[in-house]
There are 2 protein chains.
Amino acid sequence: MQLHNTSQYAIRVLNFFANHSDDRLYSAKELAELLSIPYKFLTKIMGILVKAEFIKSIQGREGGYELNKPASQIKLIDILNTFNDETDNESCILGVGICDGHNKCALHDQWMQPKGLLRKMFEETTLENLTSADCKL
Amino acid sequence: MQLHNTSQYAIRVLNFFANHSDDRLYSAKELAELLSIPYKFLTKIMGILVKAEFIKSIQGREGGYELNKPASQIKLIDILNTFNDETDNESCILGVGICDGHNKCALHDQWMQPKGLLRKMFEETTLENLTSADCKL
DNA sequence: TTTAAATTCTACCTTAGAGTAGTAATTGAA
DNA sequence: TTCAATTACTACTCTAAGGTAGAATTTAAA
């Protein structure tokens with residue numbers, strides 16, 4: 001019951017940019033050091049974030065990365081979906097097809113409430129809503 | 001954000017026993033068919049459930065499995081822990097060490113409430129509390 | 001124009017979860 | 001005593017996530 005490592009990294013990187021909207025670029029080297037993410041793995045993730053248009057990249061010497069859109073327009077769920085992190089609300093927590101009120105798994109009733117809050121968190125939280133000050137990178 | 005396959009299988013098997021407390025044994029072959037779980041994988045899981053003392057096994061011809069303790073004494077969290085499914089409430093959802101009120105990750109505040117409900121569900125739900133009738137196996 | 005700092009691309013390695021295969025051991029029934 | 005139905009054990013394969021390596025490309029500064 002946890003997020004993929006790549007999703008965690010991606011959220012932390014994007015959150016970093018949301019909190020550093022000074023008008024400059026950050027290189028992969030800098031980010032890797034500041035966020036303690038393996039450099040080579042980070043560059044791989046950055047490539048995905050660029051393709052997904054969360055991040056804009058400037059190539060070449062003095063290049064780097066910056067946010068490609070306002071923090072208020074990036075939802076957590078969009079990030080998770082980019083990395084195939086399971087947020088499919090229809091599928092059953094016990095893996096027994098699709099659950100609804102009439103055709104449900106043994107854990108369905110207990111699962112409804114936490115599932116709803118998780119869904120709310122991922123769908124309604126944007127980078128803008130994340131803790132901005134004094135938080136761990 | 002989902003349970004391991006083995007945990008799902010284990011919960012479904014244990015729930016099946018909780019709902020079929022008639023005084024008989026069920027063989028791995030029967031269980032595999034009734035619950036649509038690959039036979040060989042099921043026997044592997046049953047071995048773990050036996051070692052963890054959730055299930056009692058009777059070897060040899062006419063043998064099989066039965067619950068080893070009352071359904072009210074088996075919590076979901078005990079099952080998950082048996083299969084290393086992450087339920088460590090201290091560790092951070094973004095993977096940045098230990099989060100608390102003073103030293104927290106960017107998502108800490110939003111995570112508190114769903115985390116609490118998940119914890120409650122896993123720690124307070126026993127096999128006895130699961131839906132017993134008309135639920136998918 | 002050269003060079004160094006940066007992104008980008010392709011390919012690979014490692015690990016853990018998921019699942020399979022085959023055989024040994026057990027045991028009640030015939 | 002034999003045999004068939006069963007659990008138990010060991011070892012393997014497959015797949016996807018996590019992570020690494022190295023070279024190609026881009027670009028601005030020197």
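Reminder, nothing fancy here: chain letters follow the sequence lines and each chain counts from 1. What you are looking at is a predicted structure, and each value in this text was computed from that prediction instead of being measured.
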- prompt: Do the side-chain N or O atoms of B:Tyr39 get closer than 4.0 angstrom to the phosphate oxygens (OP1, OP2) of D:dT6?
  reply: no
- prompt: Taking C-beta and beyond as the side chain, do A:Ile37 and A:Leu31 meet within less than 4.5 Å on heavy atoms?
  reply: no
query: Is there side-chain contact between A:Leu127 and A:Phe17, with at least one heavy-atom pair below 4.5 Å?
result: no
statement: The contact string for nucleotides 13-19 of chain D, one letter per nucleotide 5' to 3', using protein heavy atoms under 4.0 Å with B, S and - for base, sugar-phosphate only and none, comes out as -----SB
- prompt: In the hydrophobic clustering that connects Ile, Leu, Val, Met, Phe, Trp and Tyr at side-chain heavy-atom distances below 4.5 Å, which members other than B:Ile58 occupy its cluster, ordered by chain and number?
  reply: B:Leu25
message: The criterion is salt bridge (charged side-chain N to carboxylate O under 4.0 Å, His left out); which residues satisfy it with A:Lys44, sequence neighbours excluded?
response: none
- prompt: Is atom CD of A:Gln113 surrounded by more than 12 heavy atoms (other residues, nucleotides or ligands) closer than 6.0 Å?
  reply: no
- request: For the helix from C:dT1-D:dA30 to C:dA30-D:dT1, measure the angle between the helix axis at one end and the axis at the other, each built from five pairs, rounding to 10°.
  value: 20°
- prompt: If you check every side-chain atom of A:Ser57, which of D:dC9, D:dT7, C:dT8 has the closest atom?
  reply: C:dT8
- prompt: The side chain of B:Val50 lies closest to which of these nucleotides: D:dA8, C:dT8, D:dT6?
  reply: D:dA8
- prompt: If you look at every heavy atom in A:Pro114 and B:Leu118, which pair is closest and at what distance?
  reply: CB-CD2, 3.9 Å
- request: Using side chain to side chain contact (heavy atoms under 4.5 Å, CB included) as the criterion, list what pairs up with B:Ser72, not counting sequence neighbours.
  value: B:Pro70, B:Glu128
message: Taking atom CD as the centre, does B:Glu53 end up with more than 12 heavy-atom neighbours from other residues, nucleotides or ligands that are less than 6.0 angstrom away?
response: no
Gap between atom OH of A:Tyr9 and atom CG of A:Leu14 - 0.5 Å precision: 15.0 Å
- request: Can you tell me the distance, in whole Å, between the CE atom of A:Met1 and the P atom of C:dG17?
  value: 16 Å
- request: Give a yes or no on this: more than 12 heavy atoms of other residues, nucleotides or ligands lie within 6.0 Å of atom NZ of A:Lys75.
  value: no
task: Whole angstrom is fine here: how far is it from CG in A:Leu25 over to P in D:dT27?
output: 13 Å
Protein proximity profile, nucleotides 22-30 of chain C - base contact B, sugar-phosphate-only contact S, no contact -, cut-off 4.0 Å on heavy atoms: BB--BBB--
- prompt: Separation of B:Ile48 atom CD1 from D:dT10 atom P, in whole Å?
  reply: 13 Å
- prompt: For atom CG of A:Asp134, is the number of surrounding heavy atoms from other residues, nucleotides or ligands below 6.0 Å larger than 12?
  reply: no
Whole-Å gap separating P (C:dG19) and CG (B:Leu42): 12 Å
